[in-house]
2 protein chains.
Amino acid sequence: MDQNLDTDVLGKLKNFLANIELPDDGRLPPERELAQSLDVGRAVLRKALATLQAEGTVWRHVGKGTFLGDRPIDTFADINAMVQRTNPLEVMGARIAFEPEVARCAALNATGVQIAEIRNCMIKAQQAPTWRQYEQWDNRLHRTIGEASQNSLLLGLLDTLNAVRRAVTWGRLRQTPVRPPADHHSFTEHQQIVEAIADRDGVMAADAMRRHLRSVESHMRGMR
Amino acid sequence: MDQNLDTDVLGKLKNFLANIELPDDGRLPPERELAQSLDVGRAVLRKALATLQAEGTVWRHVGKGTFLGDRPIDTFADINAMVQRTNPLEVMGARIAFEPEVARCAALNATGVQIAEIRNCMIKAQQAPTWRQYEQWDNRLHRTIGEASQNSLLLGLLDTLNAVRRAVTWGRLRQTPVRPPADHHSFTEHQQIVEAIADRDGVMAADAMRRHLRSVESHMRGMR
DNA sequence: TGGATAAACCAATCATCAATTGGTTTGCAT
DNA sequence: ATGCAAACCAATTGATGATTGGTTTATCCA
């Protein structure tokens with residue numbers, strides 16, 4: 001037999017790939033079809049495809065198919081890994097670093113509807129009859145500010161941060177009073193943030209958010 | 001009729017919810033079923049459910065159902081999802097918002113070894129013989145600054161941001177010259193960042209980083 | 001004996017469609 | 001007017017069958 005059938009098939013395959021038109025996603029026909037088109041056995045074709053895969057020309061996955069180019073990144077932000085390494089203090093540090101800038105963007109980009117929504121969250125938080133509901137509206141307030149930044153990536157990072165925060169702070173419930181006191185420090189702080197955003201004052205919004213989070217942090221320290 | 005049927009139904013509903021056992025996901029029976037169980041019309045039940053939703057006791061979604069507790073935020077921690085929704089401009093916006101604050105933390109918390117490492121990355125980037133290697137050292141410079149913040153959560157968020165950035169910018173290679181010019185704008189900018197961190201000047205570090213990224217952004221716009 | 005082929009099977013994925021569910025509208029009845 | 005029942009809408013779910021890369025087995029042929 002000829003000295004090297006494999007490279008023969010490999011050549012055939014490359015030739016074939018060069019001549020056909022691929023769909024936008026770079027997907028090439030399934031093995032069985034390809035084997036018929038090239039008039040070779042599936043096993044040999046698979047060897048050739050394996051080399052292509054090894055040299056990075058192609059990536060493949062069961063049930064999906066074979067594709068030209070680089071395998072799309074499958075990396076996902078491993079929230080659990082972050083949770084393992086971090087602690088509540090770091091979480092507050094990250095919030096203090098991150099959220100003021102988000103607020104700044106929100107002040108510059110928020111729509112009128114979003115501002116109204118933020119204000120609504122603030123009011124609902126003030127009127128909350130329980131701590132649980134207060135925290136819920138507080139969370140929603142902060143996230144709506146993220147949405148108002150009009151930057152889906154910032155929002156994604158904020159969500160990641162919040163997911164970690166929840167996991168770290170999990171199980172810590174506030175039992176103390178039944179409902180937030182009427183003069184809760186966050187109320188005026190929230191108000192300053194919202195007003196700054198409504199005024200389209202980015203610097204003020206960032207400052208107000210930073211003050212707010214610092215205040216939360218100091219109260220957190222005081223609680224233990 | 002009695003003065004307030006709505007609150008009546010609301011009470012009935014709350015009573016019902018208190019007495020039945022819910023599945024662990026907190027899902028409660030669909031409206032139609034519930035209406036029969038409570039022996040009320042669907043419209044009135046919906047009013048009651050609406051109030052429950054307004055006060056945050058419950059969240060609902062078409063096709064999913066009604067659930068007790070907080071609506072789970074769309075934690076698209078999965079990078080692919082972020083990549084789908086964002087674009088290069090947003091990525092730069094997020095970097096400009098985020099990385100300066102990371103640099104500020106780094107200036108306050110970096111160890112001597114880390115400062116030396118950052119400086120090394122800067123030098124290696126300057127001496128890089130190809131754009132590819134330049135970008136490699138540039139990436140490493142920025143990540144080392146993240147490490148120097150001594151906040152693993154900030155570092156994790158930075159990694160997430162970078163993963164998205166790589167995915168979005170994928171395939172955009174710089175072909176123009178073979179190597180970065182000796183007067184590349186980033187060189188002096190990098191130097192200012194590193195010096196500010198070494199001087200423990202947080203404000204200066206943040207400013208320098210912001211200037212650097214803005215510069216990168218403007219060059220990016222100019223490229224098209 | 002060695003290598004290739006064909007066929008059958010497996011598990012992951014995709015495509016499709018019917019059923020379910022929260023929202024909305026309409027008509028009827030009290 | 002107000003509540004109720006029915007019908008309809010659109011988003012989501014769930015189940016099912018087809019497709020696909022991977023693996024095994026049997027067969028054939030030189």
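It should be emphasised that the depicted structure is a prediction, and the values quoted were computed from it without experimental measurement. Numbered from 1 within each chain, the chains take letters A, B, ... in sequence-line order.
In this entry the distance linking CG of A/Asp25 with P of D/dT20 reads 13 Å, nearest Å. Taking atom CG of residue B/Leu38 and atom C1' of nucleotide D/dG3, one finds them 16 Å apart after rounding to whole Å. Whole-Å rounding puts the B/Trp59 CH2 to D/dT12 P distance at 11 Å. A straight line from NZ of A/Lys47 to C1' of C/dA4 spans 9 Å, rounded to a whole angstrom.
One finds the CE atom of A/Met92 at 11.5 Å from the CG atom of B/Leu153 (value rounded to the nearest 0.5 Å).
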### Summary
Under a 4.0 Å heavy-atom criterion, the protein footprint on nucleotides 13-27 of chain C, written with B, S and -, is SS------BBBB---
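Salt-bridge annotation for A/Lys14 and A/Glu55: present, with a side-chain N of the basic residue lying under 4.0 Å from a carboxylate O of the acidic one. In this structure, A/Glu33 does not pair ionically with A/Arg42, as no charged nitrogen and carboxylate oxygen lie closer than 4.0 Å.
Closest approach of B/Asn151 and A/Ala94 over heavy atoms only: ND2-N, 3.6 Å.
Using a 3.5 Å distance cut-off with no hydrogens or angles, the side chains of A/Ser152 and B/Glu90 do pair a donor with an acceptor.
A search for side-chain hydrogen bond (donor to acceptor under 3.5 Å, both in side chains) contacts involving B/Glu101 returns B/Arg104, not counting sequence neighbours.
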